[in-house]
S.K.: 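Structure in structure tokens, see below.
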Amino acid sequence: MLGAATERSPDRIGKVGARTSPAGRPTPVSATDSSLVKSTPGDRPMPGKAVPTEGLTSMTTDLQQHPTGRSSAVQTPSGSPILRVDELRKRYSDDGPLVCDGLSFSVDQGDFVAIVGPSGCGKSTMLRMICGLLEPSAGEVRLRDQKIVSPPPEMALVFQDYTRSLYPWLSVERNVRFPLAKRRDLSKEEKAARVAEAIETVGLTGFESYHPGQLSGGMQQRVAIARALAFRPRILLLDEPFASVDALTKEGLEDTLLDVQKQFADSGMTMLLVTHDIDEAIYLADRILVLSKPPCAVAEELVVDLPGPRSQVETRSLPEFLRIRAHIHDVMGLSAQRGGTRGAARSTA
Amino acid sequence: MTLVSEKNEVRPDGAAAAPTPRRPARKFRFRVNLRGLAFAVGLVLALEALTTWYVRSAYVPRPSEVFAALYAELLRGDLIRDAGQTLQTFSLGLLFATVAAIAAGVVLGSSPRIFSAFKLIIEFLRPLPSVALIPFAILILGVGGTTGVAMTAYAAFWPILFNTYYGVRDADPVAVDTARNFGLSRPAVLRRVLLPSAATNIAAGIRISAAIALILAITVEIITSSGGLGYYIVRMQTATRTEDMYAGVVAVGILGYVINLAVAALERKVVFWKTDVRDGGAR
Ligand SMILES: Nc1ncnc2c1ncn2[C@@H]1O[C@H](COP(=O)(O)OP(=O)(O)OP(=O)(O)O)[C@@H](O)[C@H]1O
Ligand SMILES: [Mg+2]
């Protein structure tokens, strides 16, 4: 099946071995090129040297005008992935069912990886293990070859349960400032500026003194996103971050994510986005991990090779977009029928 | 950024249509409960009629006599001074209890291991009626004001302790995980997440403890004859100044009512984000 799909669109959907080597990143010029350009192992990313990026409007910039655009913003091709998830297994209790069964994948710095999978398959569980909040039953997560045992300071998770994740006794402004409180390296003014910027990014300027209980669900969700943005993690994990906002706001926030990622210093913010919305996954991500029915494993890993910069209307109507979508539907339908048996390369023929 | 914003938040020119920022309504609105007031007045009048025409006893004065006595005693200043002393014992006891119980409750609630170490002794002491310890306290601390404060604090300690404990223990794990995710240390999570999470419970505990603290303050005063409203009542009783004795009782009632109002107002102010403040388990 996978082979068939690859045959149908050899230049659009690149299948990457689910548990082999870290996925290569498509270069921007390879939009019509079939080859997946493997990043060459080289020097480590140079911290501190920021890539010049323009303001939020820069997302309309063409690749020609902006040669250090999205993907090529990786200054040095990262030899080792920033994040490596290795054979993660999770059982919540000794006699409980297996929730995750051998999750393996890796993420390069600056990657935008989307994760889709059926409800209840263990996506949230996986994210909680990745960011060090939940101990895996087996396997490990490595951040730059360091095993993660507690929440690393450069990672942030936007929880699916945003209502419970916000602090009802703090105003919007104080909720967003919450993660910055103990940061000694930032002055009061810098913190205030960051907070104001993050709140403005999600379109909540004017609501700073409101309390979460006075906001709508979608607004609360945006506060949670703003809080993570103010924190400026190197790796941002998002669990269904746009589930409660309307379609238009959602599109705006999606583009905001792309902007934020691009603007982040060095080679961009690394994003892991769990979503139920396949279109959203295709639109945003460089790579998509399709998870199987519970217990979850990576059923398939796709490289999304859509031309950038992406635009809500055009990108979504590209034939490639539609083809990838049909393919993911196929894979998800299949993995549902397989009933949890994993095996990325398993053929149904 | 107009895309992200909702229509009513942003004007076409991009300027935020600044919504009036406001905190949740926490103004203390004093509504007179007319029905309740009418019933209370009616009851007093009925009592007045009863004591005027049917029950004629030196030990059951008419309400009008009691209020007249209360007024006279207030003018004389004795009652005021005694009420002040009771209020002082009460406040000090409740304050010590609150500080100690919140600290202990947070520690117990955040560590199952510590809790299991203390569990047995807590479960033994909790059902023990505090008044049973008054003789013991008198032996140790004498009949001065210290005994009153110590006993008040002891009795008021438990409801706050348990409410804090349950509040901290039942804090939302997602809220805690969020803080851990942002790199907060254990003490920081305690202070910035667990404690505010438990605020509702703590406030309910303080409300319960306030009532208990007043009981203990008066009881100790009655037993040790060490001044305060309790001792005033005993004094008037032994002097068979029945009206004045009842005036003392009414004064205690008024004090309790005012304390309750004050605690409820404080609760609304502190736990402003919760409209329904749950009741903790009274003891
Ligand atoms: N704290 C927990 N204790 C026990 N089991 C849990 C716990 N959290 C999740 N599970 C179980 O793990 C499985 C996966 O849950 P998880 O929340 O990770 O799914 P999900 O993929 O995020 O689903 P959704 O897309 O609906 O958010 C479920 O069967 C759930 O019952
Ligand atoms: Mg989930």
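In what follows, every chain begins at residue 1, and chains take the letters A, B, ... in the order their sequences are listed.
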S.K.: Is it true that atom CZ of B:Phe39 has more than 12 heavy atoms of other residues, nucleotides or ligands lying nearer than 6.0 Å?
M.R.: no
S.K.: Working note: A:Arg227 + B:Thr178, criterion side-chain contact (heavy atoms from CB on, under 4.5 Å); need CA distance, chi angles, decisive distance, verdict.
M.R.: CA-CA 11 Å; A:Arg227 183 172 57 184; B:Thr178 302; 3.3 Å; yes
S.K.: Could you tell me whether a side-chain N or O of B:Arg180 sits under 3.5 Å from a main-chain N or O of A:Leu133, the two making a donor and an acceptor?
M.R.: yes
S.K.: Might you confirm whether atom CD of A:Glu135 has over 12 heavy atoms from other residues, nucleotides or ligands at distances under 6.0 Å?
M.R.: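 Check fails, neighbour count at 12 or below.
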S.K.: Anything under 3.5 Å between a donor and an acceptor, one on a side chain of residues 181-190 of chain B, the other on a protein residue two or more places apart or in another chain? List them.
M.R.:
unit_1: B:Asn181; atom_1: OD1; unit_2: A:Leu157; atom_2: N; d: 3.4
unit_1: B:Asn181; atom_1: ND2; unit_2: A:Leu157; atom_2: O; d: 3.3
unit_1: B:Ser185; atom_1: OG; unit_2: B:Ala188; atom_2: N; d: 3.4
unit_1: B:Arg186; atom_1: NH2; unit_2: B:Ser110; atom_2: O; d: 3.4

S.K.: Does atom CG of A:Asp185 have more than 12 heavy-atom neighbours from other groups under 6.0 Å away?
M.R.: yes
S.K.: Does B:Arg192 reach the main-chain N or O of A:Ala181 with its side chain, forming a donor-acceptor pair under 3.5 Å?
M.R.: no
S.K.: Starting at CG of A:Leu134, measure out to CG of B:Asp177 and round the result to the nearest 0.5 Å.
M.R.: 8.5 Å
S.K.: Under a 3.5 Å distance rule, please check whether A:Tyr167 uses its side chain to pair with a backbone N or O of B:Val193 as donor and acceptor.
M.R.: no
S.K.: Heavy-atom cut-off 4.5 Å, strictly under: side chain, backbone, both or neither for B:Ala199 against chain A?
M.R.: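 No part of it gets close to chain A.
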